[in-house]
Enquirer: 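Mind having a look at this structure? Questions to follow.
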Amino acid sequence: MKPLRRSLLLILPACSLIACSVLPVERATTELSPWARSVLAPGDGWASLNGGTRGGADAAAADVFTVSSRGELLAALSGPARPRIIQVRGRIDLSADAQGRPLQAEDFRDPAFSWPAFEAAYAPATWGKVPPSGPLEEARLRSARRQSAHTTVRIPSDTTLVGLGPEAGFKNGMLLLDGVQNIIVRGLHFSDAYDFFPAWDPKDNASGEWNSEYDNLSLRGARRVWVDHCTFDDGERPDRAERWALGRPMQHHDGLLDITQQSDLVTVSWNHFRDHDKTHLIGSSDSRSEDAGHLRVSFHHNHWERTQARTPRVRYGQVHLYNNLFSVPDLKTYDYSIGVGVQSRILSEANVWRSAPGLSSRQLVKWWKGQHFADRGSLHNGQPVDLLAELRAANPGAVISADLGWQPVLAAPVEPAEQVEARVLAGAGAGLAR
């Protein structure tokens, strides 16, 4: 489990110490995406509550931009608060410098830091289970801050981000929605939010773990957000191919889409999440009791393909999962799908699992101390499955009630599970339409 760590982002300037170029940006005068001024339909999940989610639909013509580089993106996001529409053309490299060169670990590395020295200093056999401290850890943190300042882009309130064409999106960085509201993100491919300097926590699990900082898209205290028809993955640097260090596999990616720190009223629809380990956290820690009453999230018509865990893992939230597809072709890289965490209240409806033979339905849902979970109408390899019964059978000492204390009223009609696989395969992901 990823521990709650103070974010590096809280103390960083808006632009990089290495390069902070804000370029003139093209205003969209001829090519306008049909989704540019779209709004979330009434009743489409939690994000349609309290006035709904309009993003930048009300932007003036002067605040509709088309961007194709990091510098143009920063320029479009700058200036006073107002609705804006940002159309993304091509894949924007968030690690690029002012000349468009992708920056690497050596560009961000503090001169006092090296991995061989770090691993020698904090080897568990000699250092023990005390968290790293001292000059080498301080140098790692300085390196991490330099990367974070450059590769993290904050999105302001009342913004629509929309892709132009199937190749539109972002790589090598993180989009952060921090304390903002009324955001629409549609038709974009997010890939490879790679942490060059992951943190070592010797107390995380029995043998310690490496923990990375970046999600492809991160919501922290964000409200009324709609994420639709996007694709998320780790690109060409999956963690399964990384080396081991200090006795554990290095992890350079965190979540694909995490929703934490009292974020609320979020709809996640028609997305494709693939080839990843810890995919979504809804709520970041058992100890964050202030999350209670928040973290209301709807997931529908999403495709999770070759994802290992956390699709999603929920704490405190009221989460509605319906008409989603889970593809599990390789059992060796699969842990679980739905994580029922502390004070979570999850309703699963008409979800579909397609797995390789031999996967027990009992593995689809995992108990993380939650006491409320309900499921109806779901299928595993074409057969009806009672996920609550499976969860109870796997945890005979746990008291798990089907009474959630809430009922979904903000949802399109739930389709029969028999229709879900074809619908989701035909429509989920960037570049695809319903």
Enquirer: Could you tell me if the ring centre of His372 sits under 6.0 Å from that of Trp406?
Expert: no
Enquirer: State, to 0.1 Å, how close Gln181 and Ser157 come at their nearest heavy-atom pair, and which atoms those are.
Expert: N-OG, 3.0 Å
Enquirer: Ignoring hydrogens and geometry beyond distance, is a side-chain donor-acceptor pair present between Trp304 and Ser327 at under 3.5 Å?
Expert: no
Enquirer: Any chance you could lay out the side chain to side chain donor-acceptor pair (under 3.5 Å) test for His380 and Ser361, step after step, and finish with the verdict?
Expert: CA-CA 7 Å; His380 180 199; Ser361 296; 2.8 Å; yes
Enquirer: For a quick test of reading the model, state the closest non-hydrogen atom pair linking Asp44 to Thr267 and the distance between them.
Expert: O-OG1, 2.9 Å
Enquirer: Kindly say whether the aromatic ring centers of Trp35 and Trp226 come within a distance under 6.0 Å.
Expert: no
Enquirer: Taking all non-hydrogen atoms of both residues into account, name the closest pair between Val39 and Ile184 and its distance.
Expert: CA-CD1, 4.1 Å
Enquirer: Testing the basics here: between Thr160 and Ala36, what is the closest heavy-atom pair and its distance to 0.1 Å?
Expert: CG2-O, 3.7 Å
Enquirer: Within the structure provided, determine whether Pro202 and Val130 are in side-chain contact (heavy-atom separation under 4.5 Å).
Expert: no
Enquirer: Phe196: what forms a ring-ring contact (aromatic ring centres under 6.0 Å, His included) with it, not counting sequence neighbours?
Expert: Tyr194
Enquirer: For Thr260 and Asp258, which I'm curious about, is there any donor-acceptor pair between the side chains at under 3.5 Å?
Expert: no
Enquirer: Measure from the ring center of Phe273 to the ring center of His280 and say whether it is less than 6.0 Å.
Expert: yes
Enquirer: Name all pairs fulfilling the ring-ring contact (aromatic ring centres under 6.0 Å, His included) condition that reach into residues 78-107, sequence neighbours left out, sorted by first residue then second.
Expert: none
Enquirer: Strictly below 4.0 Å, N to O, side chains only: are Arg186 and Asp228 in salt-bridge contact?
Expert: yes
Enquirer: Determine, step by step, whether Asp233 and His189 satisfy the side chain to side chain donor-acceptor pair (under 3.5 Å) criterion, reporting the C-alpha distance in whole Å, the side-chain angles of both residues, the deciding distance to 0.1 Å, and the verdict.
Expert: CA-CA 8 Å; Asp233 58 40; His189 185 169; 2.9 Å; yes
Enquirer: Any non-hydrogen side-chain atom of Pro131 less than 4.5 Å from a side-chain atom of Tyr122?
Expert: no
Enquirer: Under a 4.0 Å threshold between the charged nitrogen and the carboxylate oxygen, would Glu72 count as salt-bridged to Arg89?
Expert: no
Enquirer: For Asp254 and Asn211, does a side-chain donor sit closer than 3.5 Å to a side-chain acceptor?
Expert: no
Enquirer: Does Asp330 reach the side chain of Arg306, with side-chain heavy atoms less than 4.5 Å apart?
Expert: no
Enquirer: Which heavy atom in Ser298 sits nearest to a heavy atom in Gly45, and how many Å separate them?
Expert: OG-CA, 3.3 Å
Enquirer: Looking only at side-chain N and O atoms, does Asp375 offer a donor or acceptor that is under 3.5 Å from a partner on Ser348?
Expert: yes
Enquirer: When you compare the side chains of Asp277 and Gln251, does any donor N or O come within less than 3.5 Å of an acceptor on the partner?
Expert: yes
Enquirer: Would Arg84 and Asp158 count as a salt bridge (charged side-chain N to carboxylate O under 4.0 Å, His left out) here? Give the steps.
Expert: CA-CA 7 Å; Arg84 71 194 81 200; Asp158 305 318; over 6 Å; no
Enquirer: Ignoring hydrogens and angles, tell me if any N or O in the side chain of Arg145 forms a donor-acceptor pair with the backbone of Ala149 under 3.5 Å.
Expert: no
Enquirer: Charged N to carboxylate O below 4.0 Å: is that the case for Lys171 and Asp192?
Expert: no
Enquirer: Salt bridge check: are Asp110 and Arg146 linked by an N-O gap of less than 4.0 Å?
Expert: no
Enquirer: Does either side chain, that of His320 or that of Glu349, offer a donor lying less than 3.5 Å from an acceptor on the other one?
Expert: yes
Enquirer: Is the Trp210 ring parallel, tilted or perpendicular to the Phe118 ring (thresholds 30°, 60°)?
Expert: tilted
Enquirer: Side chains of His276 and Gln308: any donor to acceptor distance under 3.5 Å?
Expert: no
Enquirer: Can you see which heavy atom on Asn172 is nearest to which on Arg237, and at what distance?
Expert: OD1-NH2, 3.1 Å
